[in-house]
There are 2 protein chains.
Amino acid sequence: MKTKLDIANCQSCVCFNLRKASRAITQFYDHALKPADLKVTQFTILVAVTRADSITISTLAKHLVMDRTTLTRNLRPLEARGFVRVEAGSDQRTRYVSVESEGERVLERALPLWQAAQQKIVKKLGVQSMRDLLKTLSETVSISQQAP
Amino acid sequence: MKTKLDIANCQSCVCFNLRKASRAITQFYDHALKPADLKVTQFTILVAVTRADSITISTLAKHLVMDRTTLTRNLRPLEARGFVRVEAGSDQRTRYVSVESEGERVLERALPLWQAAQQKIVKKLGVQSMRDLLKTLSETVSISQQAP
DNA sequence: TAACAAAAGGTGTAACCACACGTAAAGGCG
DNA sequence: CGCCTTTACGTGTGGTTACACCTTTTGTTA
């Protein structure tokens with residue numbers, strides 16, 4: 001049957017394999033960050049906000065290559081736990097996100113945990129492989145975004 | 001400030017970059033599969049079930065490197081639309097998944113769409129880069145799963 | 001300046017994801 | 001045979017993801 005043959009190809013689906021790896025490594029990092037009671041997504045957002053100091057939701061979403069509405073909802077748990085603050089800017093349309101002191105504290109606790117997890121991955125993968133991986137991932141993002 | 005310096009490193013977080021690429025490419029494939037009214041996750045599951053013919057939920061989850069409970073819920077929309085059937089086996093604990101004829105039909109329609117999307121990515125990335133990417137992704141999955 | 005377009009953001013809806021916990025069936029063993 | 005462990009699976013809960021659609025505010029232009 002023709003379909004059966006075509007299906008064999010799907011093993012090499014870039015999307016499937018990326019999603020699979022994404023799931024696996026997310027569990028790895030989530031587990032590593034457990035002592036800080038942070039998910040890796042939350043850690044990522046917290047880092048981005050800290051780095052930016054004060055930033056609108058849309059701009060932050062662009063930085064993270066994340067849908068604006070996704071970010072809005074992902075900020076909710078962080079806001080509820082007092083890690084970030086969201087407030088209107090002088091332009092009444094905008095909302096600025098900034099880190100609260102409680103957020104800084106949890107980030108201090110999470111950073112070494114992240115570092116350890118990252119180290120483990122880099123060590124097993126090898127520095128060069130990781131560099132290549134990050135480069136290809138970056139290209140993949142670019143490709144995915146062009147040509148709607 | 002020490003924290004600020006540490007934070008600079010997080011740009012190279014393997015997890016963040018994998019998740020970012022995963023989001024981007026998922027949108028790319030989802031868009032490509034839109035004419036077949038399938039998400040890439042659903043396409044993936046449909047392919048895996050078709051390939052396996054008839055398979056328990058747990059085994060299928062292992063194949064897809066996906067949490068069993070996630071798969072249970074991901075099957076729901078496919079079941080609701082009559083693409084797959086889930087029924088108990090002779091072992092009363094197990095539930096076997098198989099493709100319905102409606103599922104085969106939609107898969108026929110989706111396959112060329114997937115092929116086109118995949119082709120675009122491979123062409124832009126280059127065959128060798130893609131091969132390296134898949135290899136590294138596979139390693140990443142293995143690494144993430146060892147050492148709890 | 002009034003009208004219209006662009007920018008920033010939220011909500012409804014629906015899917016994806018997994019941990020913690022619970023249930024029932026099957027298998028193994030004293 | 002009765003007890004215990006393992007296996008297979010579902011649900012509750014809470015977070016992640018994004019499309020479609022809507023509102024408000026700002027900027028532009030006829």
Side-chain angles (χ1 to χ4, degrees), chain A residues 15-16 18-31 33-34 37-46 55-62 64-81 83 86-97 144-145 148, chain B residues 15-16 18-31 33-34 37-46 55-62 64-81 83 86-97 144-145 148:
Chain A
C15 186
F16 166 59
L18 256 170
R19 290 182 63 88
K20 187 166 64 171
S22 175
R23 282 195 300 270
I25 203 158
T26 297
Q27 284 182 65
F28 184 82
Y29 277 73
D30 273 354
H31 186 263
L33 290 175
K34 195 138 196 171
D37 197 19
L38 268 188
K39 300 245 177 193
V40 68
T41 42
Q42 302 172 335
F43 173 78
T44 298
I45 293 175
L46 216 44
I55 187 171
T56 67
I57 292 185
S58 288
T59 309
L60 184 56
K62 274 180 199 114
L64 297 170
V65 188
M66 184 180 282
D67 189 274
R68 179 183 53 78
T69 66
T70 300
L71 181 57
T72 295
R73 307 205 207 231
N74 285 2
L75 281 170
R76 233 95 93 161
L78 295 175
E79 208 182 350
R81 291 169 71 188
F83 296 164
V86 184
E87 53 196 344
S90 55
D91 181 337
Q92 290 299 306
R93 291 170 302 180
T94 61
R95 308 202 60 194
Y96 281 85
V97 188
S144 299
Q145 285 176 337
Chain B
C15 187
F16 166 60
L18 256 171
R19 290 182 64 87
K20 186 166 65 171
S22 176
R23 281 195 299 270
I25 204 158
T26 298
Q27 285 183 64
F28 183 82
Y29 277 73
D30 273 354
H31 185 264
L33 290 175
K34 195 137 198 173
D37 196 18
L38 269 188
K39 300 240 177 198
V40 68
T41 42
Q42 301 172 334
F43 173 78
T44 297
I45 292 175
L46 217 44
I55 187 171
T56 68
I57 292 185
S58 288
T59 309
L60 185 55
K62 274 181 199 112
L64 297 170
V65 189
M66 183 180 283
D67 189 273
R68 180 185 53 79
T69 66
T70 300
L71 181 57
T72 295
R73 306 202 209 231
N74 286 2
L75 281 170
R76 233 96 93 161
L78 294 175
E79 209 181 350
R81 292 170 70 188
F83 296 164
V86 184
E87 54 196 343
S90 55
D91 180 337
Q92 289 300 307
R93 292 171 302 180
T94 60
R95 309 202 62 195
Y96 280 85
V97 188
S144 300
Q145 285 176 337

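Nothing here was measured: the structure is a model prediction, and the numbers come from that model. Lettering follows sequence order; numbering is per chain, from 1.
- If you check the side chains of T41(B) and R19(A), you find no donor sitting under 3.5 Å from an acceptor.
- Residue S58(A) has a polar side-chain atom (N or O) positioned under 4.0 Å from OP1 or OP2 of dG9(C).
- Residue-level contact check: T26(A) touches neither bases nor backbone, having no heavy atom under 4.0 Å from any strand.
- The salt bridge (Lys or Arg N to Asp or Glu O under 4.0 Å) test applied to R81(A) returns D37(A), not counting sequence neighbours.
- Using a 4.5 Å cut-off on side-chain heavy atoms (C-beta onward), V40(A) and F28(A) make no contact.
- At a threshold of 4.5 Å between non-hydrogen side-chain atoms, the residues K20(B) and T44(A) do not count as touching.
- Residue-level contact check: D30(A) touches neither bases nor backbone, having no heavy atom under 4.0 Å from any strand.
- Remark: side-chain polar atoms of T94(A) are not paired, donor with acceptor, to backbone N or O of S90(A) under 3.5 angstrom.
- Over its full length, the helix from dT1(C)-dA30(D) to dG30(C)-dC1(D) turns its helical axis through 0°, comparing axes from the five pairs at each end and rounding to 10°.
- Within the 4.5 Å cutoff, no side-chain heavy atoms of Q42(A) are placed close to those of L33(A).
- Nearest-nucleotide mapping onto DNA chain D: of R81(A) and D91(A), the residue sitting toward the 5' end is R81(A).
- In this structure a side-chain-to-backbone donor-acceptor pair under 3.5 Å is present from R23(B) to V65(A).
- You won't find any donor-acceptor pair under 3.5 Å spanning the side chain of R93(A) and the base of dT24(D), going by distance alone.
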Determine, for nucleotides 10-23 of chain C in 5'-to-3' order, which nucleotides have protein heavy atoms under 4.0 Å from the base (write B), from only the sugar-phosphate (write S), or from neither (write -). BBBB-SSBBBB---

